[in-house]
Amino acid sequence: MPAPNHSAEKVFQIDRSQAFSLDHTLSCGQVFRWERSADWWYGVVGSTPLRVRQDGRKIRFSGADREFVEWYFSLDLNLRDVISTISLDPVVKDAVRRCRGLRIVRQQPWECLASYIGATYSNIPMVRRRVELLSAEFGEAQEFEGKKVYGFPPPEKIAEASIEALTCCKMGYRAPYLKKTAIKVMDDPAWEDRIQSLPYREARKELQEFDGIGKKAADCVLLFAFQKYESFPVDVWIHRIMQKNYGQGSPGALTDRGYEQIGMFAREYFGKYAGYAQEYLYCNRQSATGSTPACGR
DNA sequence: CTCCAGGAGGGTT
DNA sequence: AACCCTCATGGA
């Protein structure tokens, strides 16, 4: 990972052959600490505050160096190739068309792990609130662009926090899960390298050893923090979409077997970039299900 | 009031 | 394995 480097506003051009949409990437629900204000997106990645804006092929940013920004937004990935392998039917094609340029970012593993503990049985605005509260309470305060911002708290800060303090951050019954997971992470600093080196299936099994991390959250962490693109997280929205359009999953509520079955189908059907198909389908969930969820922006 | 949201853990068959 | 049940929180 390139070291973040605070400096003045910078700019670079995205290659003409590469698709990228900052808006779709940051508003699709994969990240919780980005907010759009006028033409700028403000966010904190781990302990690094950033702001980014896109004007066509031009990316303007400050708070880090170019290498970090390109790495974070996965601009090294050939998105056109990915899209061509998953665009197999009108459903995905429509999702890709509506969410053109969406990329899966490279989240910080610990931040991603902790955030998705707070994402279970909840909705995106609530998750964003929880993560913000945790950061304000236990993260390091910094000054950025004239505003006070907070880094995501390192595992030590969460590990030594009281359950009451975590509950005050609206963690609810997840508070003890988060604390236990923070302690486990501190106890096992090699966890990131181990997960990264393991194949998808075993990596997911390892992640599920963390308290508060089940199949779905583990799949999200593998996809958003470890670039294991065969991961296919199934939440209630994806379940609905897969039932309606592909006849997959369990009728009614999502069962354990239904979850596995959808994942198997998706990996076989979409291939090794099944996770990208999932993100496009999720991003397009409102039109795919005929509902109007709170869409992150 | 009820129902739902990027589910997971624990217990009982 | 396959089903229960409960968990905290806010918005619609």
Side-chain angles (χ1 to χ4, degrees), chain A residues 24-34 95 99 102 104-105 107 111-134 137 162-181 184 204-226 228 231-243 249-264 266 274-286 288-297:
Chain A
H24 284 134
T25 297
L26 293 180
S27 65
C28 72
Q30 62 179 321
V31 289
F32 303 112
R33 299 210 66 195
W34 285 90
C99 307
L102 164 65
I104 293 172
V105 306
Q107 294 190 37
E111 177 176 350
C112 188
L113 186 71
S115 297
Y116 277 90
I117 288 175
T120 64
Y121 198 43
S122 192
N123 52 38
I124 290 175
M126 192 63 210
V127 184
R128 294 171 60 86
R129 229 173 108 193
R130 287 195 185 110
V131 175
E132 255 352 271
L133 286 168
L134 283 172
E137 185 68 24
S162 68
I163 298 296
E164 292 75 28
L166 295 174
T167 303
C168 284
C169 298
K170 306 298 177 188
M171 288 302 291
Y173 62 90
R174 308 163 191 82
Y177 300 161
L178 180 61
K179 187 177 164 81
K180 282 186 198 169
T181 290
K184 193 171 161 71
R204 194 180 78 169
K205 194 175 172 186
E206 276 277 310
L207 280 179
Q208 286 188 250
E209 295 298 314
F210 289 111
D211 231 18
I213 300 290
K215 289 180 183 189
K216 195 271 175 180
D219 274 335
C220 285
V221 174
L222 290 175
L223 187 57
F224 302 139
F226 292 98
K228 303 219 181 271
S231 173
F232 196 86
V234 182
D235 71 322
V236 291
W237 292 102
I238 290 295
H239 186 213
R240 264 172 227 154
I241 292 167
M242 295 305 285
Q243 277 182 316
S250 39
L254 180 62
T255 63
D256 211 42
R257 195 159 47 82
Y259 192 102
E260 292 310 313
Q261 190 259 320
I262 290 175
M264 297 287 277
Y276 254 97
Q278 190 272 4
E279 266 317 276
Y280 278 103
L281 291 171
Y282 186 81
C283 181
N284 193 42
R285 63 194 179 282
Q286 57 272 44
T289 58
S291 309
T292 54
C295 183
R297 63 169 194 154

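Residue numbers begin at 1 in each chain, while the letters A, B, ... track the order of the sequences. Worth knowing before you read on, the calculation uses all heavy atoms, side chains too, and leaves out hydrogens, waters and symmetry mates.
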Scan A:G29 against the nucleic acid and name what it touches under 4.0 Å (heavy atoms): base, sugar-phosphate only, or nothing.
base
Please classify the nucleic acid contact of A:F224 as base, sugar-phosphate, or nothing, using heavy-atom distances under 4.0 Å.
base
Within the structure shown, what part of the strands sits under 4.0 Å from A:L254 by heavy-atom distance: base, sugar-phosphate, or nothing?
nothing
Measuring centre to centre across the rings, with the benzene-like ring taken for any Trp, is A:F232 within less than 6.0 Å of A:Y282?
no
What nucleotide, of B:dA5, C:dA8, B:dG7, holds the atom closest to the side chain of A:W237?
B:dA5
What nucleotide, of B:dA5, C:dT9, B:dG9, holds the atom closest to the side chain of A:D211?
B:dG9
Of the candidates B:dA5, B:dG9, C:dG10, the side chain of A:K170 sits closest to C:dG10
N/O (side chain, A:R285) to phosphate O (OP1/OP2, B:dA5) under 4.0 Å:
no
Could you state the OH-C1' distance from A:Y259 to C:dA2, rounded to the nearest angstrom?
18 Å
With nearest nucleotide decided by heavy atoms, which residue, A:Q208 or A:Y116, maps closer to the 5′ end of DNA chain B?
A:Y116
Between the base of B:dG6 and the side chain of A:E279, is one N or O donor paired with an acceptor at under 3.5 angstrom?
yes
Side-chain N or O of A:R257 closer than 4.0 Å to phosphate OP1/OP2 of C:dA2
yes
Atom pair distance, as rounded to whole Å: CZ in A:R130 and C1' in C:dG10:
9 Å
Ranking B:dG7, B:dG6, C:dT9 by distance to the side chain of A:T120, first place goes to B:dG7
C:dC5 to B:dG6 separation - C1' atoms, rounded to the nearest Å
22 Å
Nearest to the side chain of A:K216 - C:dA8, C:dG10, B:dA8?
B:dA8
Compare all side-chain heavy atoms of A:H239 with those of A:Y259 and state whether any distance is below 4.5 angstrom.
no
For C:dC3 versus B:dA5, give the span between their C1' atoms, rounded off to a whole number of Å.
23 Å
Answer whether the closest heavy-atom distance between the side chains of A:L134 and A:M171 falls below 4.5 Å.
yes
Protein-nucleotide distance (A:K215, atom NZ; C:dA2, atom P), rounded to Å
9 Å
Donor-acceptor pair, distance only, cut-off 3.5 Å: does the side chain of A:Y280 make one with the backbone of A:L102?
yes
Side-chain donor/acceptor contact of A:Y173 with base of B:dG7 under 3.5 Å
yes
In terms of side-chain heavy atoms of A:A217, which of B:dA8, B:dG6, C:dT9 is nearest?
B:dA8
Can you measure A:F210 atom CZ to B:dG9 atom P for me and round it to whole angstrom units?
12 Å
Nucleotide opposite B:dC1 in a Watson-Crick or G-U pair, distances under 3.5 Å:
none
Using whole Å, report how far CD1 of A:I163 lies from P of C:dA8.
13 Å
Separation of atom CG in A:D256 from atom P in C:dC5, rounded to whole Å:
17 Å
Starting at atom CZ of A:R174, determine the distance to atom P of C:dG10, rounded to an integer number of angstrom.
11 Å
Would A:R130 and A:S122 count as having a side-chain donor-acceptor pair, cut-off 3.5 Å?
yes
Atom-pair distance (CZ on A:R129; P on C:dT9), nearest Å:
10 Å
Pi-cation contact, A:F210 with A:K184 (under 6.0 Å, within 45°):
yes
Under the criterion of centre distance below 5.5 Å and interplanar angle below 30°, is A:Y282 classified as stacked on the base of B:dG6?
yes
